[in-house]
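Naming: A, B, ... by sequence-line order, numbering from 1 per chain. Values in this document were obtained by computation on a predicted structure and should not be read as measured data.
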2 protein chains.
Amino acid sequence: MLNVLFAGSMKDWPDYEPALTRALSEAGITAQIALPDAIAPEAVDYIVYAPSGPVSDFTPFTRARAVLSLWAGVERVVGNPTLTQPLCRMVDEGLERGMVEWVTGQVLRAHLGLDRYGEPQDGRWDPVVPPLAPERSVVLLGLGVLGAACAGMLATLGFRVTGWSRTPKTIPGVDCLSGPEGLHAALSRGEILVTILPNTPETENLLNAETLAMLPRGAVILNPGRGTLIDDAALLAALDAGQVGQATLDVFRTEPLPSGHPYWIHPRVTVTPHIAAATRPLSAARVVAENIRRAEAGAPLLHLVDRARGY
Amino acid sequence: MLNVLFAGSMKDWPDYEPALTRALSEAGITAQIALPDAIAPEAVDYIVYAPSGPVSDFTPFTRARAVLSLWAGVERVVGNPTLTQPLCRMVDEGLERGMVEWVTGQVLRAHLGLDRYGEPQDGRWDPVVPPLAPERSVVLLGLGVLGAACAGMLATLGFRVTGWSRTPKTIPGVDCLSGPEGLHAALSRGEILVTILPNTPETENLLNAETLAMLPRGAVILNPGRGTLIDDAALLAALDAGQVGQATLDVFRTEPLPSGHPYWIHPRVTVTPHIAAATRPLSAARVVAENIRRAEAGAPLLHLVDRARGY
């Protein structure tokens with residue numbers, strides 16, 4: 001009998017308790033899942049974790065064999081000095097699918113100019129036929145699991161897709177650039193730019209006054225990645241100058257985005273409330289169970305975080 | 001030397017003259033392309049046609065071997081009693097691609113609830129995570145070249161896709177229903193319903209008070225097909241009753257849609273000005289040239305209209 005501690009957000013417990021129970025059972029694992037007040041720290045074998053949960057000091061969990069994050073982004077835990085156990089990110093099929101849907105929908109919204117037809121309509125019949133996808137260049141910064149999945153779907157739709165990543169990658173139908181020298185070339189093609197990088201010291205403020213100036217004039221920016229990727233003051237200045245035509249932002253340095261924030265009222269900024277990639281309990285629980293099964297079998301863990309790189 | 005008459009819309013001549021010249025040359029055909037005032041009707045070998053062009057009486061074109069429509073919809077010419085020549089519809093790669101992009105973009109707009117985040121935003125952080133595509137049922141009425149292409153792309157995105165057509169069809173990843181007996185079942189699944197049928201006597205007012213009532217309550221209707229598919233008064237009543245949640249319409253019985261039409265001002269109707277499937281001169285000219293090449297070689301014409309069926 002393994003002891004699995006649920007240290008996610010307490011509001012998610014009603015969804016996760018049945019999902020984890022079922023997923024562990026389906027994986028052939030005999031375990032009890034408990035909240036912190038129902039189990040002694042030194043008895044815990046695995047910690048299911050979210051930064052919004054109750055655990056911030058991992059020291060008492062002397063027996064824990066892994067910390068299994070429910071979040072894809074681990075920047076709030078990776079530098080925790082009390083964390084000595086292996087840490088795994090969440091790579092959830094539901095999360096990936098949700099990200100692909102959000103990115104594809106937002107790219108098509110920009111590409112087709114759907115906002116032209118918002119309410120109220122003025123009764124003016126003014127046919128403007130948008131270009132076809134092969135005439136539209138879309139750039140993704142970040143080609144991890146989520147970025148690569150989005151790039152592939154956009155290529156399937158026929159867009160000219162460029163991807164940029166720290167290290168070289170190969171994705172069918174996607175022109176892959178990499179490293180500092182590839183960034184300028186990638187940005188210069190960004191009619192529609194999607195930022196889908198993790199939050200690391202190297203990616204902080206990657207979009208700043210200098211890099212925003214490398215985009216084609218009037219570029220559309222979609223950020224479903226991390227709020228820290230963007231220098232907010234530089235983006236607002238680029239929007240006001242017309243260098244950036246529109247920005248749709250799903251993530252922010254402070255969430256919820258404070259009600260007085262300029263993004264809320266800017267006419268060319270759309271705020272979505274961190275919904276692009278939500279972890280779904282059913283599929284996330286299967287990932288957690290699979291990693292516990294692997295750890296018990298002595299197999300390599302999935303989505304293990306490289307502590308030096310930070311993701 | 002063949003004589004090809006351009007009887008499309010005169011405003012499109014500057015685009016089509018170079019496109020047709022190039023496409024015919026690439027197909028190995030020696031031809032001159034001319035406007036009606038530059039060529040005698042009895043000398044014309046092929047007629048490139050649009051209903052918005054200058055030809056309505058085909059009697060004088062005694063030598064013409066085919067009428068090659070630049071439009072996908074042929075309802076304005078198929079019943080013309082002076083038309084004795086073979087008639088071909090346009091099936092243009094650009095048109096198909098444009099239709100797939102419009103339909104995919106509008107389905108994702110409805111699925112993701114993008115209109116929740118329109119301007120002005122009220123500063124309220126209210127995360128509502130949309131369901132994933134496998135939890136969303138999309139129904140297409142019409143599985144011709146365009147409908148099948150849209151159904152395939154929506155299935156690739158993961159939606160639960162049902163298609164309905166007059167005669168039985170098979171499309172991978174799509175649950176295909178057919179005939180009058182399949183229509184009720186198809187409509188009952190139409191959380192998002194796409195109408196992409198030709199205009200024929202059988203499809204006129206296919207969406208009426210009776211069939212709209214078969215949809216799930218709050219259904220979204222997307223019509224990039226033909227204006228005649230919908231009984232407009234019945235749709236407006238269903239919108240006002242909440243039976244239909246939203247309608248996005250690209251085609252109308254009268255185009256341009258008159259400025260006083262209720263669709264323009266209805267808060268849950270989006271009008272787009274017949275842009276879903278625009279024929280693109282470069283790709284359309286290649287289809288025309290290929291059919292002339294086939295006719296000259298004695299090969300079967302592509303996209304030949306069945307005059308009895310009307311498309």
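- Only the side chain of B/E119 has a heavy atom closer than 4.5 Å to any heavy atom of chain A.
- The most heavy-atom pairs under 4.5 Å with chain A, out of B/P258, B/G105, B/P130, B/P127, come from B/P127.
- Comparing A/V269, A/V100, A/D122 by heavy-atom pairs within less than 4.5 Å of chain B, the highest count is held by A/V269.
- Using a 4.5 Å cut-off between heavy atoms, A/Q121 contacts chain B through both its backbone and its side chain.
- Rounding to the nearest 0.5 angstrom, the gap separating the CH2 atom in A/W71 from the CG atom in A/D92 is 14.5 Å.
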Passes side-chain contact (heavy atoms from CB on, under 4.5 Å), B/R253 versus B/T228? Steps please.
-> CA-CA 6 Å; B/R253 284 167 196 269; B/T228 51; 4.1 Å; yes

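- Of all heavy-atom pairs spanning A/L70 and A/G8, the tightest one is CD1-CA, 4.4 Å.
- Note: B/W125 leads B/W264, B/W102, B/W125 in heavy-atom pairs under 4.5 Å with chain A.
- In this structure, the side chain of A/E96 does not engage the main chain of A/V145 through any donor-acceptor pair within 3.5 Å.
- Neither the backbone nor the side chain of B/D115 comes within contact range of chain A, judged by heavy atoms closer than 4.5 Å.
- For A/L132, the parts lying near chain B are the backbone and the side chain together; criterion is any non-hydrogen pair under 4.5 Å.
- Heavy atoms from other residues, nucleotides or ligands lying under 6.0 Å from CD of B/E93 number 12 at most.
- Each of A/V91, A/T279, A/V74, A/V287 was evaluated against A/S69; a single residue qualifies, A/V74, per the side-chain contact (heavy atoms from CB on, under 4.5 Å) test.
- Chain B forms the most heavy-atom pairs under 4.5 Å with one residue out of A/P131, A/P134, A/A276, A/A278, and that residue is A/P134.
- For A/R109, the part lying under 4.5 angstrom from a heavy atom of chain B is the side chain only.
- With no hydrogens or angles considered, a side-chain donor-acceptor pair links A/T270 and A/Q246 at under 3.5 Å.
- Put simply, the side chain of A/I221 does not reach to within 4.5 Å of the side chain of A/L239, judged on heavy atoms.
- Among B/I275, B/T156, B/L114, the residue with the largest count of heavy-atom pairs under 4.5 Å with chain A is B/I275.
- Ranked by heavy-atom pairs under 4.5 Å with chain A, the first of B/R280, B/E255, B/H274, B/Q106 is B/R280.
- Taking the six-membered ring for Trp and the full ring otherwise, A/H111 and A/F159 have centroids separated by under 6.0 Å.
- In terms of non-hydrogen atom pairs under 4.5 Å with chain B, the most contact-rich of A/V271, A/L108, A/L157 is A/V271.
- For A/R116, no part sits under 4.5 Å from any heavy atom of chain B, backbone or side chain.
- When each of B/A133, B/S259, B/G260 is scored by its heavy-atom pairs under 4.5 Å with chain A, the top score falls to B/A133.
- Using modelled atom types, one side-chain atom of A/S137 and one backbone atom of A/R189 make a donor-acceptor pair closer than 3.5 Å.
- Across A/T248, A/T104, A/I265, A/V107, the residue that shares the most heavy-atom pairs under 4.5 angstrom with chain B is A/T104.
- For A/P120, no part sits under 4.5 Å from any heavy atom of chain B, backbone or side chain.
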